[in-house]
Amino acid sequence: MGTCSSSPHCYAPQIELGLNGVAYNKDVIDRCPVLKQKYCPPRLWGHCGHLQCILFCTVTRQHSMSHVESTPITVRAEDGATISFDLFRHNDIDYEDDWPWILLAPGICNHSQSDYILAFVGYALFHHRRWRIATLNHLGTDTRIPLTAPRVFSTGCTEPFDTMVQYVRRRWSGAALVAVGFSMGANIVLKYLGEEPSRQKWFKAAVSACQAYDYSRACEWASSSRAAAFYSYVLTKRVLRLIRRHRQIIFNYWERQESHSRRRAEEKVDGGEDEEEEGAGVQLLSSTSCLEVHCCNAEGSPCRARCATHGVFPTEDVFHLDAEGVVCPRLIFKSKDFGELDASFNGPVNKFSRNSRYHTAMSSAFYMHNITDVPVLMLNADDDPIAPVEHFTFPRKLLELNPQSMFVHTHHGSHMAFFNGGVIFPTKRNVFDQIVAQYAAAVLSKDDPNNAFQFAPA
């Protein structure tokens with residue numbers, strides 16, 4: 001890759017293949033030139049994962065969308081939530097119904113108009129004119145779409161992604177589909193394929209890029225170092241800004257729930273029933289399990305909570321709600337990491353009984369063993385400060401179960417950054433985009449040579 005190939009920080013991607021699938025994967029690799037080349041990040045700073053990650057989050061990526069048109073689609077869910085996604089395609093092509101669709105789930109707090117999503121869409125469609133790309137807008141992230149239900153996105157909720165998949169399948173039933181997820185979106189994609197294995201037959205391939213796989217470990221990682229705590233704090237504050245933007249619809253709902261709970265308690269007292277012990281009236285959000293909580297009084301100080309079935313709650317693995325057993329804005333906006341945010345908001349809103357159960361249910365790691373019938377590329381970087389190498393055990397387990405799986409990890413690249421070439425300023429196309437797009441094209445071209453990647457000058 002030019003003169004930078006002599007840099008001590010240039011490395012070819014490390015490729016680990018699924019057992020008994022070497023022949024299949026080697027054919028795919030032969031169709032992906034980027035996997036055979038050395039990746040050389042900017043020589044002055046590109047070897048530092050922290051710098052790459054910070055610059056990725058702060059510097060706008062260049063992209064050209066002059067050749068692309070987008071169509072926003074909205075679908076109303078059963079609870080009134082508005083699920084939205086955008087359909088991207090060339091503006092000068094008459095598409096045939098069986099041409100491929102790339103179904104893309106972005107990272108946390110992102111949507112179809114995020115700059116790195118537009119950069120990938122522009123690159124992929126520029127190099128392949130037969131493709132169309134559907135990109136999910138996570139609930140509450142897109143300012144064009146109002147929030148119409150008292151919930152925002154969750155790290156492992158697959159309902160919106162399924163809505164997008166079903167829409168495309170109904171409209172273009174003969175089209176080949178490739179599922180692609182970035183960071184949190186990758187967690188959603190693999191969980192989606194694993195929780196209902198019958199879905200795998202709808203897809204030609206799946207791509208998981210830069211995810212941490214196990215949400216429980218990710219929350220534990222947040223307390224492992226000051227750097228980890230910093231990243232967790234920054235991401236948590238991004239989610240809190242989203243909640244604050246939609247606080248009227250979210251908290252108005254919970255205020256109504258609180259009023260309803262109070263009326264029921266008053267009716268019991270007026271009806272002559274024995275008054276329950278202090279804390280026994282904590283609202284249950286799940287009909288099948290007891291909600292365990294830490295409550296706070298009006299001043300925000302912790303108070304003891306009690307469950308009618310199990311008595312006083314333990315101090316670990318519990319939710320943080322107000323004295324009425326409903327979500328409390330004061331506690332939510334005090335959250336400093338995802339563990340605290342999940343305890344005060346995400347877990348209760350999604351009707352789980354414990355934080356640990358919420359984390360398990362949101363993690364693709366506990367569903368990946370079912371992904372055995374579709375080719376999968378899992379991409380990570382060794383210096384990713386958000387999804388560190390300790391999480392690599394999960395993709396390696398899938399290699400033992402799925403012969404068509406492939407785990408690619410680069411020495412540098414950080415969290416979806418993968419700046420490429422140059423000394424100070426990157427001079428070459430982002431390697432992240434290249435790997436994802438070339439892999440999708442390689443799998444699609446095995447069935448139809450017309451889907452081979454077109455290496456037009458960028």
Side-chain angles (χ1 to χ4, degrees), residues 50 53-61 81-86 105-118 135-157 160 182-185 187-188 210-212 215 218-219 221-223 226-255 296 300 319-322 326-350 355 358-359 362 385-387 415-417:
H50 294 295
C53 186
I54 291 171
L55 288 173
F56 172 77
C57 295
T58 56
V59 177
T60 301
R61 285 186 56 189
T82 301
I83 296 171
S84 67
F85 46 92
D86 282 63
I108 190 168
C109 291
N110 294 139
H111 49 82
S112 62
Q113 302 304 306
S114 299
D115 69 279
Y116 77 97
I117 296 296
L118 294 178
T135 303
L136 184 66
N137 300 312
H138 293 304
L139 281 175
T141 60
D142 191 346
T143 55
R144 302 172 301 169
I145 309 298
L147 194 71
T148 55
R151 62 182 174 112
V152 294
F153 69 89
S154 296
T155 54
C157 178
F182 298 159
S183 190
M184 185 192 79
N187 180 71
I188 290 173
C210 298
Q211 68 150 312
Y215 191 38
C219 290
W221 155 86
S223 60
R226 290 183 178 180
F230 168 77
Y231 289 112
S232 181
Y233 177 81
V234 170
L235 291 173
T236 300
K237 292 304 177 184
R238 289 190 65 187
V239 179
L240 289 176
R241 284 199 297 269
L242 195 71
I243 296 173
R244 185 174 284 110
R245 190 206 312 166
H246 299 295
R247 63 182 301 158
Q248 184 173 3
I249 184 171
I250 292 173
F251 297 127
N252 282 352
Y253 170 82
W254 290 104
E255 287 174 2
C296 281
F319 289 143
H320 301 276
L321 308 177
D322 67 11
V326 296
V327 295
C328 174
R330 183 185 302 107
L331 296 175
I332 292 170
F333 293 118
K334 284 183 178 180
S335 301
K336 296 181 179 63
D337 57 42
F338 277 114
E340 294 181 2
L341 181 60
D342 294 336
S344 61
F345 182 74
N346 289 323
V349 167
N350 287 281
N355 231 13
Y358 172 73
H359 290 165
M362 295 295 110
I386 294 177
H415 192 71
M416 298 194 297

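Note that the structure is predicted; figures quoted are calculated from it, not measured.
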_I'd like to know whether V152 forms a side-chain contact (heavy atoms from CB on, under 4.5 Å) with I250, so could you lay out the CA-CA distance, the side-chain angles of the two residues, the decisive distance to 0.1 Å, and finally the verdict._
CA-CA 9 Å; V152 294; I250 292 173; 4.2 Å; yes
In this structure, CZ of F153 is separated from CD1 of I108 (nearest 0.5 Å) by 4.5 Å
Taken to the nearest 0.5 Å, the spacing of F85 CZ from T135 OG1 works out to 10.5 Å
I386 and C53 have their tightest heavy-atom pair at CD1-SG, 4.1 Å
key: Exam field: side chain T58 to backbone I54, donor-acceptor pair closer than 3.5 Å   = yes
d(N346 CG, S335 OG) to nearest 0.5 Å is 9.0 Å
Residues at least two apart in sequence or cross-chain that pass side-chain contact (heavy atoms from CB on, under 4.5 Å) with S183, listed by chain then number, are H415, M416
(request) Could you check if a side-chain atom of L235 sits within less than 4.5 angstrom of a side-chain atom of V239, using non-hydrogen atoms only? (result) no
Distance col, row M362:CE vs D342:CG, nearest 0.5 angstrom, shows 9.5 Å
query = Taking the six-membered ring for Trp, are Y215 and Y358 parallel (under 30°), tilted (30 to 60°) or perpendicular (over 60°)?
reply = perpendicular
Tightest non-hydrogen contact, residues C219 and G339, listed as SG-N, 4.3 Å
When rounded to the nearest 0.5 Å, the distance separating CG of N355 from CD of E340 is 10.5 Å
In this structure, OG1 of T155 is separated from CZ of F338 (nearest 0.5 Å) by 8.0 Å
Could you check whether N137 and S84, counting side-chain N and O atoms only, form a donor-acceptor pair closer than 3.5 Å? yes
Smallest heavy-atom separation, A81 atom then L139 atom, equals CB-CD2, 4.4 Å
Please list every donor-acceptor pair under 3.5 Å in which a side-chain atom of residues 140-149 meets a protein atom from a residue at least two apart or in another chain.
from	atom 1	to	atom 2	distance (Å)
T141	OG1	N110	O	3.4
T141	OG1	H138	N	3.4
T141	OG1	H138	O	2.6
D142	OD1	R144	N	3.0
D142	OD1	R144	NE	3.1
D142	OD2	R144	NE	2.8
D142	OD2	R144	NH2	2.5
R144	NH1	D86	OD2	3.4
R144	NH2	D86	OD1	2.8
R144	NH2	D86	OD2	3.4
R144	NH2	S112	OG	3.4
T148	OG1	G80	O	2.5
T148	OG1	T82	N	3.0
T148	OG1	T82	OG1	2.7

Would you say I188 and C157 make side-chain contact, with heavy atoms under 4.5 Å?
-> no
With sequence neighbours left out, the residues meeting side-chain contact (heavy atoms from CB on, under 4.5 Å) with P329 are R247, F251, F333
